[in-house]
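Read through the structure below, which is laid out as structure tokens, and then see the notes.
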Amino acid sequence: MKIKYEVKKIKDIKADVVSSVTFEDHAPAKMQWLNTLFKGILDTLIETNDFKGKANSTILSYLGPDNRSKRLLVIGLGNSKEVTLESLRKTYAAAAKKLNAMKFTSVGFEVPDLAYIKTVTNASHYDIMQAICEGVFLTQYSPKKYYTKNDFVPFNEIIFFTDSPKYTREAQEAVKDAKVICDAAIVARELENEPSNFMTPDKFAEYVKKSSIKAGYQVTVYDEKKIAQLNMGGVLNVGKGSINPPRFLILQYFGSNKSEKPIVLVGKGVTFDSGGISIKPAAGMDAMKMDMGGAAAVVGAFEAVARLKYKLNLIGLIPAVENMPDAGAYKPGDVIKSYSGTTIEIDNTDSEGRLILADALDYAANYKPKAVIDICTLTGASIICFGHLLAGLMGNDKELIKRIFAAGERTYERVWELPLYDEYDKLMKSEIADIKNTGPARQAGTIMGGIFLKKFVQDKYPWAHLDIASVAFSLGESTEEYHTAGATGYGVRLFVELLKTYSH
Ligand code: BES
Ligand code: ZN
Ligand code: ZN
């Protein structure tokens, strides 16, 4: 895919289709201007007033024979007073999807007046350009990999153009960085959408090894023997019921002095969650191939951070397992021991995510980290709580929580904090072990997930927990313009934005 940012006039762009943007309140004037420029091709459209410049609306026209591009797409940006980074993301995504559907492969996107948008949004020229690019780049993926005839054709040439030479340097930087970040988000989507017969813990580890070489970070993979030697009882027990053995991945990126404390990202990597012996109902079980969405977000974040060469140290911990109910499976009533020796009574084998995360959070303390953030598709209750709009955020450190919240607002991968009050602790008490792996049914399910994890973190390091079960996967009804069917890649853009604030 060739991507350019050019200071050029619309007439000088040569592509399958060239676009022009207009706010709703500037639409009549802009249409007149285009009509004059292109010698009356918009006469009928102006007369019918069919295109009003509303957000996410577009209209396609054909240009005369003496034009370098044969087609013109006018894109509506909505009310100029109400423009936001998210409205730009959505508008450009809607336009890009329309052009993909018509199989155009070389496209020119006009860049709106960045200085004006800055006055409304308070965002930098760089951030505005990044949002525009995200709208376009995040749509250039389709999960149709297994169609024998895949009819999705991504763009092969994208030209962002403006006739203003101002802010070219920031805008070009933003285009370059946005491509890296969106590619990483798409990697996460690909991993999540991959069927679990192709994406076992071992295959996941193989993928990450290749990714690390290409992107420039290191990875160490522990197999089931090493996991047993280390007494990672959570990973070992959850993995016991599958013929596909577990893996524990350690990703490392050193962008700063080795003595600097790292940030640790922990991702839940359940490549398929059948529920185990506490088996899930059939309806919807197919979606549980995405139960490694947290792990995928960690891998995506590493790819982007390594390519962008952020100046910080980053560790990724990914316990990868398949949760299955065979004769060797762990069972309700069992007592298991985590890496640090904490004993856990298994109440429900479908609460497997927190068991593998317990080992990883215990292990994270070995790095004396600056902060630890875990990300996981942990509870169906987060969908009850937030619908598909937000992820749940919990933790033990106000400053870290604030920082993640702010990154969520900027990227629109939004989060909302839930409390981890100590009064909840007693709901997870066990008569026979240090803790039980579930609380009472239908009570604060998402919070109970956080309460369980808190037991392993205590105050060993600043910690935040992101429950992304609500946002990792869309079954259609909640698809934003820049999303594609299935996995959203949620967490990659959030992490990269957050980690940028630690880069120095
Ligand atoms: N992987 C699921 C959570 C999930 C549900 C993710 C829906 C995405 C969409 C998790 O392992 C699980 O099964 N959690 C249980 C916990 C319960 C048994 C306390 C749940 O949410 O029902
Ligand atoms: Zn489960
Ligand atoms: Zn799960």
Among Asn396, Asp374, Asp397, side-chain hydrogen bond (donor to acceptor under 3.5 Å, both in side chains) partner for Trp463: Asp374
query: Between NZ of Lys226 and OG1 of Thr220, what distance do you get to the nearest 0.5 Å?
result: 10.0 Å
task: Determine the interplanar angle of the Phe248 and Tyr222 rings, folded into 0 to 90°, and report it as parallel if under 30°, tilted if 30 to 60°, perpendicular if over 60°.
output: parallel
- prompt: Does a side chain donor of either Gln140 or Asn100 reach within less than 3.5 Å of an acceptor in the other side chain?
  reply: yes
Basic-acidic side-chain contact under 4.0 Å: Asp291, Lys268: yes
- prompt: For Glu192 and Tyr490, does a side-chain donor sit closer than 3.5 Å to a side-chain acceptor?
  reply: no
query: Between Phe109 and Ala95, which heavy-atom pair has the shortest distance, and what is it?
result: CE2-CB, 4.4 Å
query: Hey, is Lys4 close enough to Glu157 for a salt bridge, meaning N to O under 4.0 Å?
result: yes
message: Under a plain distance cut-off of 3.5 Å, with no hydrogens placed, do Thr438 and Asn348 share a side-chain donor-acceptor pair?
response: no
- request: Taking the side chain as every heavy atom from C-beta outward, state whether Val219 and Gln252 have any atom pair closer than 4.5 Å.
  value: no
message: Could you go through Asp362 and Ser338, starting from their C-alpha distance and side-chain angles, then the distance that decides it, and tell me whether this counts as side-chain hydrogen bond (donor to acceptor under 3.5 Å, both in side chains)?
response: CA-CA 8 Å; Asp362 279 345; Ser338 83; 2.8 Å; yes
field: Charged tip of Arg403 within 45° of Phe405 ring normal and under 6.0 Å
entry: no
task: Step through it carefully: locate the ring centre of Phe160, locate the ring centre of Tyr5, and say whether they are under 6.0 Å apart.
output: no
query: If only atom types and distance count, is the side chain of Ser196 paired as donor or acceptor with the main-chain N or O of Met199 below 3.5 Å?
result: no
- prompt: What pair of heavy atoms forms the shortest contact from Ala364 to Val372, and how long is it?
  reply: CB-CG2, 4.1 Å
- prompt: Do the side-chain N and O atoms of Ser259 and Asn257 include a donor-acceptor pair separated by under 3.5 angstrom?
  reply: yes
query: Does any N or O in the side chain of Tyr330 come within less than 3.5 Å of the main-chain N or O of Thr349, such that one atom is a donor and the other an acceptor?
result: yes
- request: Give a yes or no on whether the backbone of Ser274 and the side-chain of Asn323 come within a donor-acceptor separation of less than 3.5 Å.
  value: no
- prompt: Is it true that the side chains of Asn244 and Thr200 contain a donor and an acceptor less than 3.5 Å apart?
  reply: no
task: Only one of Met290, Met292, Glu194 passes side-chain contact (heavy atoms from CB on, under 4.5 Å) with Thr271; say which it is.
output: Met292
message: Less than 3.5 Å apart, any donor N or O on the side chain of Tyr363 or Ser340 sitting next to an acceptor on the other?
response: no
message: Can you tell me if Ile432 has over 12 outside heavy atoms packed within less than 6.0 Å of its CD1?
response: yes
message: With a 4.5 Å cut-off on side-chain heavy atoms, are Tyr207 and Val187 touching?
response: yes
query: Is there a side-chain contact between Tyr502 and Lys370 (heavy atoms, below 4.5 Å)?
result: yes
message: How close do Thr488 and Ser474 get, counting heavy atoms only, and between which atoms?
response: CG2-N, 4.4 Å
message: I want to check something: taking the side chain as every heavy atom from C-beta on, are Asp350 and Ile277 in contact at a cut-off of under 4.5 Å?
response: no
message: For Thr411 and Glu497: C-alpha separation, side-chain torsions, deciding distance, then whether side-chain hydrogen bond (donor to acceptor under 3.5 Å, both in side chains) applies.
response: CA-CA 7 Å; Thr411 53; Glu497 184 70 26; over 6 Å; no
field: Within-4.5 Å side-chain heavy-atom neighbours: Thr84 and Ser87
entry: yes
query: Is the number of heavy atoms from other residues, nucleotides or ligands under 6.0 Å of Lys337 NZ greater than 12?
result: no
query: Any salt bridge between Arg414 and Glu409, counting N to O under 4.0 Å?
result: no
field: Check ion pair Glu206-Arg247 (N to O, under 4.0 angstrom)
entry: no
message: When you compare the side chains of Glu260 and His504, does any donor N or O come within less than 3.5 Å of an acceptor on the partner?
response: yes
Residues, nucleotides or ligands: over 12 heavy atoms within 6.0 Å of Tyr421 OH: no
field: Spacing of NE2 belonging to His465 relative to CD1 belonging to Ile451, to within rounding of 0.5 Å
entry: 10.0 Å
field: Glu399 bridged to Lys402 by N-O distance under 4.0 Å
entry: no
field: Test item: Phe198 and Lys203 side chains (from C-beta on) under 4.5 Å apart, heavy atoms
entry: no
- request: Check whether the side chains of Tyr339 and Asn366 place a donor and an acceptor atom closer than 3.5 Å, and report yes or no.
  value: yes
- prompt: Would Lys90 and Glu86 pass as an ion pair if we require N to O under 4.0 Å?
  reply: yes
- request: For residues 423-449, pull every pair meeting salt bridge (charged side-chain N to carboxylate O under 4.0 Å, His left out), keeping only residues two or more places apart or in separate chains.
  value: Asp425-Lys454
task: Report yes or no: does Ser382 contribute a side-chain atom to a donor-acceptor pair with the main-chain N or O of Gly392 at less than 3.5 Å?
output: no
- prompt: Counting N and O atoms only, with roles assigned by atom type, does the side chain of Asp127 sit under 3.5 Å from a partner on the main chain of Ala123, one being a donor and the other an acceptor?
  reply: no
- request: For the pair Lys289 (side chain) and Met285 (backbone), establish whether a donor and an acceptor sit closer than 3.5 Å, ignoring hydrogens and angles.
  value: no
- line: Value for CD1 (Ile404) from CG (Leu494), rounded to nearest 0.5 Å, stands at 7.0 Å
- request: Could you tell me whether the side chains of Asn193 and Tyr141 share a donor-acceptor contact shorter than 3.5 Å?
  value: yes
- prompt: Do Lys144 and Asp151 meet the salt-bridge criterion of a basic N to acidic O distance under 4.0 Å?
  reply: yes
- prompt: For atom NZ of Lys398, is the number of surrounding heavy atoms from other residues, nucleotides or ligands below 6.0 Å larger than 12?
  reply: no
query: Does Tyr310 offer a backbone N or O that forms a donor-acceptor pair with the side chain of Tyr253 under 3.5 Å?
result: yes
Exercise: do Glu481 and Asn56 side chains pair donor with acceptor under 3.5 Å: yes
- prompt: When you check the side-chain N and O atoms of Ser256 and Asn313, is any donor under 3.5 Å from an acceptor?
  reply: no
- request: Report yes if some heavy atom in the side chain of Ile435 is under 4.5 Å from a heavy atom in the side chain of Ser430; otherwise report no.
  value: no
query: Side chain of Ser212, backbone of Lys209: donor and acceptor closer than 3.5 Å?
result: yes
- request: Check whether any side-chain heavy atom of Ile375 sits under 4.5 Å from a side-chain heavy atom of Leu265, and report yes or no.
  value: no
message: Checking the side chain of Asp334 only, and the main-chain atoms of Lys331 only, is there a donor and an acceptor separated by less than 3.5 Å?
response: yes
query: Between CZ of Phe473 and CE of Met288, what distance do you get to the nearest 0.5 Å?
result: 9.0 Å
